[in-house]
Number of protein chains: 2
Amino acid sequence: MRSKDIAKLVGVSRSTVSRVINNYPDIPPATREKVLKAIEEYNYVPNVPARRLAGMKSRTLGLFLLDIIEEEKPHHLKISNENLVYNNNFFAAFTNAFIDQANKKDYYILVSIIYNMEDFKKAQDAFYGKRIDAGVFIGGKTQEYKYIFNVIQPDYIIGIVDFEPEDLSRQKAVFVNMNDYEGAFKAVEYLITLGHRRIGIITGDLSKGSGVRRLRGYKDVLSQYNLEPDPKMIVCGNYVEESGFNGMNQLLAGPHRPTAVFCCNDSMAIGAYRAINEAGLNIPNDISLIGFDNTQVSEYLSPPLTTVHVPLSEIAVNMADLLIESIAKGKQVAINKLVDTVIVKRASCKKL
Amino acid sequence: MRSKDIAKLVGVSRSTVSRVINNYPDIPPATREKVLKAIEEYNYVPNVPARRLAGMKSRTLGLFLLDIIEEEKPHHLKISNENLVYNNNFFAAFTNAFIDQANKKDYYILVSIIYNMEDFKKAQDAFYGKRIDAGVFIGGKTQEYKYIFNVIQPDYIIGIVDFEPEDLSRQKAVFVNMNDYEGAFKAVEYLITLGHRRIGIITGDLSKGSGVRRLRGYKDVLSQYNLEPDPKMIVCGNYVEESGFNGMNQLLAGPHRPTAVFCCNDSMAIGAYRAINEAGLNIPNDISLIGFDNTQVSEYLSPPLTTVHVPLSEIAVNMADLLIESIAKGKQVAINKLVDTVIVKRASCKKL
DNA sequence: CTGAAAGCGCTTACAG
DNA sequence: CTGAAAGCGCTTACAG
């Protein structure tokens, strides 16, 4: 079924059929209805590639999930597929809301996972091959994000989550970030409010913007409350459970262990739980713990984890809207939007 | 940059450029290389819609996630986006592996979420508008799946997860199912092996194929071991946490409570944990529990949940391969493929 | 081995 | 208000 067939059926030209489909004014209601009826009856759907070729947009947004592990082989070469990026609730919440919001505005979503620098070719092909009208990148490290500007020409519309542009006039894109700094600040401030003075941190991946900003929040709140920083209280993690386990063991090993620890994400907090349990200590009686992300699991830990909720769906909705706005305007909207976090108080923190 | 530009640059015709791109034989290596070099140098990517229009495939697979709630408003009208289908690890693991496998074979993925019967229009549009070469549906109830055959003409290639066709010669599609029956059978058999005789079940959604098959496995193993079935031991759930909570309360309320319960998925097991804790009982000392799905959370419950692992990535890989095979052959492969489960033993079951 | 040309199914100035 | 026609960027018989 082509527009030509509908035209013949109704007794008008393809031009008229096209005008009805595209809501041109000045079509007499009677004609419009006849055409619409035939379209309905025969389940006619215009050929999208043909429309695209004739100059229309494809109404598709790209979603590129970065899951680049430098030191190792790409994830998908591992034996098990079960622990990939997608199992990470962090992505799932964003992905879901992004698809949803785009669908509402009549856009489709093309998803790809980028496992290594070479895979950026997939994103480039999607843009350059005119599969998508715009695309968003999420999950990358600062260096990886910078690379995007080399791979994707500035005449394509892009969005990035978790990257703070140095110069919005040069790095043009829709940037939507969660307010990591404020979230970390509030998290540690909460521990201080509970009476904690010796507060440790297991940092996130410091090659990601969020890792750096959360650490900065931690440092700043301590200095604001005149608590002297102790380098022994700062251990480096990388957002992975194992690094939380190791980090907590390191914090527990010292002669003067912290009474509370800020884990820069929930996965590391899970590792920290394990370390604390294995050391025969109790949460929150011996040590209080606060996480970041409010992943699904955090609520089911025992005790349930106090954590910083990241409104990923809000980030996703903003991102979809701003990308679609860019497409409508025909030019990249350049903006750096910040979304606030909120603390979810559960049982893993104790008042001293 | 169009093929015409590359042609001019190299000094050949567009036909030749096209032949190089499409790996035609009989191109002299020198010509091939010159063309390839220009393509590389100018980052030329052929216009996908134009290729599609000229008769090639779009190399895109549709992924339709069904999340239809009959009684209520569609999920996305709720205030919070956080608990949608995508947060469900069940989907996430499939989705990830499916994207991954398709990407490996040089296919892109178009995802949409279907919240109500009207949303099937999104899937229809994707097929009829030639956005995709094939598409898979997951997460639906038996009735919803049947509707697909009305909405999508049989000349399009489709796949369905969790639907047992009545007649493969009439309902042509790639069906990949986990072996729910065998999984349930093994789960309950394991409880019997541990010495349990009075075994309850909180069923899944019985409007889904998996719900029916898991219940059947439960019944059959009991009869095979000559344990008389007790209708009081069978309570209906719907795969949602709350129904596990209610179901367990119902099982605990009776005069003669079960020593073990088979929860037909992990979400309901979580609800059951809560009911048991609130009743002041202990898992596994007072009651043993086994789940189904092996979701990420199951491992972090206390005690960690014994459950049936569903190899979703294997299902996804099979589905992607069979869909792509269908596309290559130019006709729907009709097959009903079963994937086996495996029990993951953790601390929630006790030997009597 | 290779170019000129038709054709894929649309949209949209253009002319009336 | 509406039709004929050009053009979007490819691929692929066709002819040589």
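Remember, it's a predicted structure, so these values are computed and weren't measured experimentally. Order of the sequence lines sets the chain letters (A, B, ...), proteins ahead of strands, with each chain counted from 1.
- For Asn177(A) and Lys337(A), the side-chain atoms include no donor-acceptor pair closer than 3.5 Å.
- Taking Glu325(A) as the reference, Lys329(A) meet the salt bridge (Lys or Arg N to Asp or Glu O under 4.0 Å) condition, with sequence neighbours excluded.
- Heavy-atom distances under 4.0 Å link DNA chain D to Arg2(B), Ser3(B) of residues 2-9 of chain B, given in residue order.
- Side-chain N/O atoms of Ser58(B) and Arg131(A) include no donor and acceptor closer than 3.5 Å.
- A stem is defined here as three or more consecutive Watson-Crick or G-U pairs, each with both distances under 3.5 Å; for DNA chain C these stems are C:1-3 with D:14-16, C:5-12 with D:5-12, C:14-16 with D:1-3.
- One finds no salt bridge joining Lys8(A) and Asp5(A) here, because no Lys/Arg side-chain nitrogen approaches an Asp/Glu carboxylate oxygen to under 4.0 Å.
- Counted by atom type alone, Arg51(B) and Asn22(B) present one or more donor-acceptor pairs between their side chains at under 3.5 Å.
- Mapped onto DNA chain C by nearest heavy atom, Ser13(B) and Ala50(B) fall at different nucleotides, with Ser13(B) at the one closer to the 5' end.
- Listed by residue number, Ser15(A), Ser18(A), Arg19(A), Asn22(A), Tyr24(A) are the residues of residues 15-30 of chain A with a heavy-atom contact under 4.0 Å to DNA chain C.
- When every heavy atom of Ile327(B) is checked against every heavy atom of Ala134(B), the shortest pair comes out as CD1-CB, 3.8 Å.
- For Tyr128(B) and Tyr156(B), the ring centers are positioned less than 6.0 Å apart.
- Applying the salt bridge (Lys or Arg N to Asp or Glu O under 4.0 Å) rule to Lys121(B) yields the partners Asp125(B); only residues at least two apart in sequence or on another chain are considered.
- Nucleotides of DNA chain D with any atom under 4.0 Å from a heavy atom of chain A span, from 5' to 3', dC1(D) to dG9(D).
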